[in-house]
K.L.:
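Below: one structure in structure tokens.
Counting starts at 1 for both ligands and their atoms, in listed order. All figures in this text were calculated on a predicted structure; none of them were measured in a lab.
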Amino acid sequence: MQQIKNYINGQLVAPKAGKYIDNYNPATGEVYSHIPDSDEQDVEQAVQGALAAFPAWASTSAAKRGQLLMRIADLIDKYQDRLAEAESVDNGKPLKLAKAVDIPRASSNMRFYGTAIQHFASEAHYMEGTEAINYTVRHPHGVAGCISPWNLPLYLFTWKIAPALAAGNCVVAKPSEVTPMTASLLSELCMEAGLPAGVLNIVHGYGYKVGAAIVAHPNVPVLSFTGGTNTGRSIAATAAPMFKKLSLELGGKNPNIIFADCDFNNALHTSIQSSFANQGQICLCGSRIFIERPLYEQFKQAFVDKVQNVTVGDPMEDGTKMGAVVSEQHMQKVLSYIELARQEGGSILTGGQQVHLSGRCAKGWFIAPTVIEGLSPECRTNTEEIFGPVVTLTPFDTDEEVIQYANCTDYGLSATIWTKDLSRAHRVAHQVRSGIVWINTWLLRDLRTPFGGMKNSGVGREGGFEALRFFTEPQNICVKL
Ligand code: NDP
């Protein structure tokens, strides 16, 4: 059985303690590889490797660093089929989705920051009267800690390490232990691309061991984390007294607002995607669908009909629209929320249970796409993140009412608005407390834009030059002329 290795100081190495964790294929429920159960000794070794590599990497020209990132991007493209298959097996997502979204986006991330760093200029301020000039130097911090989740494994992993490396930091990164495979393949691509030893280090293992050791390490002054809000809170509790720079991309409970004057077919078709893509395990999925009352019954009927035609199946098969959820534990969590919705008085319009497939996937973890109505916007089902293929439908009458519904959770990551009245769309968008609002579309991403959440959905912004600013420390130099 395949045994994944850590990537430390340019080498693939076994964990020092020699312990491993079982890695499951969620579509079959079977163990198919072993992951290092690393600990603080491995993190120490990785941080030392990164510290040793830092002076040379920080003084490498931006153009050369960019070229290396673009070489890695080219290798991701070259091996895209292998990476997509690995992502699908590891995560349970349809192979088609991994090919169309996850892997192309991973190479775009590397290419984007490989070029962005070459256009990243710092500011100068001339002081009239006193005849002085200030200029800003942006220094890399040193060793950056990057911790990513399991839902979009290589996509989100590269979204962090690309700007960190481009800006001249060395990195100690931890992918989710639930989906380590593509990060492990990336180690090999970095070696093939000729990335200098120690510049990127990938340590596999549990969050409470490896993640916590990276967060607490005194030589890791900057941390970029994507994951759940509770984990973000515990990371902030460790990092804040150490005055570490923190970027936190956390959970969401996103509203999908459908006005009666929308382009019906477009809203309907896209709402199927925004509800169930990646089995509903995207932080940007719109799990609370609010429909203007005159359209409610028509939308509900058409939506439920379409959901009943979403094929849940073997992720490797072409016709599969929804694959397995990521783990048995996660499946139980999602099912427990469906049970909670029943207790809170919700009616299950379709779905609501585990799906048992036959053949190779007989022991896999599949959930039927689930649509629920009849719940109050303030109940737990409607305010806590479920992170699975479960959505609720709620009617509304006025703009003020739907804005209040949209804002009545502690989260504020994204929102979607469907209407042909653009004045209303802008008015509502400005009042919804979400870091990103899509109008008549969903998941359309321009990598130059600031990405992140309001309220408990995060701290700081990723994307574009925001990430390069985060991964550098500005220093003002003032010269009297
Ligand atoms: P978790 O918070 O459980 O884990 C995220 C990462 O942190 C994993 O690598 C995990 O390791 C690690 N980790 C866990 N505990 C600690 C700790 N104490 N110290 C340091 N690291 C730790 O999130 P999930 O992996 O379950 O991902 C789902 C969550 O991610 C959802 O809430 C989702 O909304 C959010 N998310 C947010 C996005 C955004 O951009 N805002 C994008 C995508 C997802 P391990 O796997 O071993 O536990």
Side-chain angles (χ1 to χ4, degrees), residues 21-24 35-40 43 90-91 101-102 105 109 145-160 172-180 183 202-217 220 223-239 244 246-254 277-287 325-327 329-331 333-334 337 384-388 409-414 434-436 443 445 449-463 466-467:
I21 304 165
D22 288 341
N23 187 24
Y24 289 86
I35 315 155
D37 179 4
S38 311
D39 58 28
E40 65 280 1
V43 170
D90 219 18
N91 172 280
V101 177
D102 294 73
R105 174 60 193 273
N109 290 341
C146 296
I147 301 176
S148 56
W150 48 256
N151 63 327
L152 301 165
L154 193 63
Y155 174 137
L156 289 174
F157 194 66
T158 50
W159 184 232
K160 296 191 173 308
V172 176
K174 190 198 97 64
S176 169
E177 121 273 339
V178 184
T179 53
I202 301 175
V203 187
H204 297 276
Y206 290 116
Y208 73 91
K209 278 179 161 176
V210 175
I214 294 172
V215 170
H217 201 291
V220 180
L223 295 167
S224 175
F225 169 80
T226 298
T229 293
N230 282 338
T231 316
R233 191 173 283 122
S234 105
I235 288 175
T238 305
K244 297 194 177 205
L246 262 186
S247 166
L248 301 174
E249 297 294 339
L250 309 175
K253 186 74 179 178
N254 310 307
N278 206 40
Q279 298 70 248
Q281 302 166 135
I282 302 180
C283 53
L284 304 165
C285 277
S287 55
V325 296
V326 77
S327 65
Q329 189 192 5
H330 190 60
M331 180 180 74
K333 178 194 149 183
V334 175
Y337 267 104
E384 295 180 14
E385 186 183 43
I386 300 174
F387 215 55
T409 76
D410 291 336
Y411 295 108
L413 191 54
S414 74
S434 301
I436 180 166
L443 209 62
R445 291 276 299 118
T449 57
F451 177 83
M454 295 183 183
K455 303 195 281 184
N456 293 4
S457 286
V459 174
R461 292 292 181 272
E462 296 186 325
E466 298 280 343

K.L.:
Can you check whether a protein heavy atom sits less than 4.0 angstrom from atom 4 (O) of ligand 1?
P.N.:
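For atom 4 (O) of ligand 1 the answer is no, since every protein heavy atom stays at 4.0 Å or beyond.
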
K.L.:
Give the contacting part of Thr226 toward ligand 1: side chain, backbone, both or neither, where contact means a heavy-atom distance below 4.0 Å.
P.N.:
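Both backbone and side chain of Thr226 come within 4.0 Å of ligand 1.
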
K.L.:
Okay, side chain of Asn456, backbone of Tyr411: is any donor-acceptor separation there less than 3.5 Å?
P.N.:
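Not at all, since once roles are kept as given, no pair shorter than 3.5 Å links the two residues.
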
K.L.:
Show me which atoms of ligand 1 lie under 4.0 Å from any heavy atom of Glu177.
P.N.:
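Answer, ordered by atom number: 45 (P), 46 (O), 47 (O), 48 (O).
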
K.L.:
Counting both backbone and side chain atoms, is some N or O of Leu250 under 3.5 Å from an N or O of ligand 1?
P.N.:
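Yes, Leu250 has an N/O under 3.5 Å of an N/O on ligand 1.
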
K.L.:
Does any N or O atom in Leu413 lie less than 3.5 angstrom from one in ligand 1, N or O only?
P.N.:
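N/O-N/O distance under 3.5 Å: no.
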
K.L.:
Could you verify whether a donor N or O on one side chain and an acceptor N or O on the other, from Thr409 and Lys253, lie under 3.5 Å apart?
P.N.:
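There is no such pair between these side chains.
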
K.L.:
Would the number of heavy atoms belonging to other residues, nucleotides or ligands and lying under 6.0 Å from OH of Tyr337 be above 12?
P.N.:
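Yes, the 6.0 Å shell around OH holds more than 12 heavy atoms from other groups.
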
K.L.:
For Asn278 and Asn151, which I'm curious about, is there any donor-acceptor pair between the side chains at under 3.5 Å?
P.N.:
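No - no donor-acceptor pair under 3.5 Å links their side chains.
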
K.L.:
Do me a favour and list the nearest non-hydrogen protein atom to atom 24 (P) of ligand 1 with residue, atom name and distance?
P.N.:
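Going by distance alone, atom 24 (P) of ligand 1 is nearest to Trp150 NE1, 3.3 Å.
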
K.L.:
Could you tell me the residue and atom name of the protein heavy atom closest to atom 38 (C) of ligand 1, and the distance to it rounded to 0.1 Å?
P.N.:
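The answer is Cys283 SG, 3.0 Å.
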
K.L.:
Examine Ser457 against ligand 1 and note whether any of their N/O atoms are separated by less than 3.5 Å.
P.N.:
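By distance alone, the answer is no.
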
K.L.:
Does Gly453 come within less than 4.0 angstrom of ligand 1, counting non-hydrogen atoms of the residue?
P.N.:
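False for this residue.
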
K.L.:
For Gly232, is the nearest heavy atom under 4.0 Å from an atom of ligand 1?
P.N.:
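No heavy atom of Gly232 comes that close to ligand 1.
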
K.L.:
Polar contacts were defined as any N/O atom of the residue lying under 3.5 Å from an N/O atom of the ligand; does this apply to Thr231 and ligand 1?
P.N.:
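Right, the criterion is met.
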
K.L.:
Quick one: does Gly207 get an N or O within less than 3.5 Å of an N or O on ligand 1?
P.N.:
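For ligand 1, there is an N or O atom that lies under 3.5 Å from one belonging to Gly207.
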
K.L.:
Should Ser234 be listed as contacting ligand 1, given a heavy-atom distance under 4.0 Å as the test?
P.N.:
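The answer is yes: ligand 1 sits under 4.0 Å from a heavy atom of Ser234.
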
K.L.:
Which one holds for Gln281 and ligand 1: side chain close, backbone close, both close, or neither close, with close meaning a heavy atom under 4.0 Å?
P.N.:
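Contact part for Gln281 vs ligand 1: neither.
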
K.L.:
Pull out every atom of ligand 1 sitting under 4.0 Å from any heavy atom of Ala212, numbered as shown with elements.
P.N.:
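Heavy-atom distances to Ala212 below 4.0 Å select 19 (N), 20 (C).
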
K.L.:
Quick one: does Asn151 get an N or O within less than 3.5 Å of an N or O on ligand 1?
P.N.:
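N/O-N/O distance under 3.5 Å: no.
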
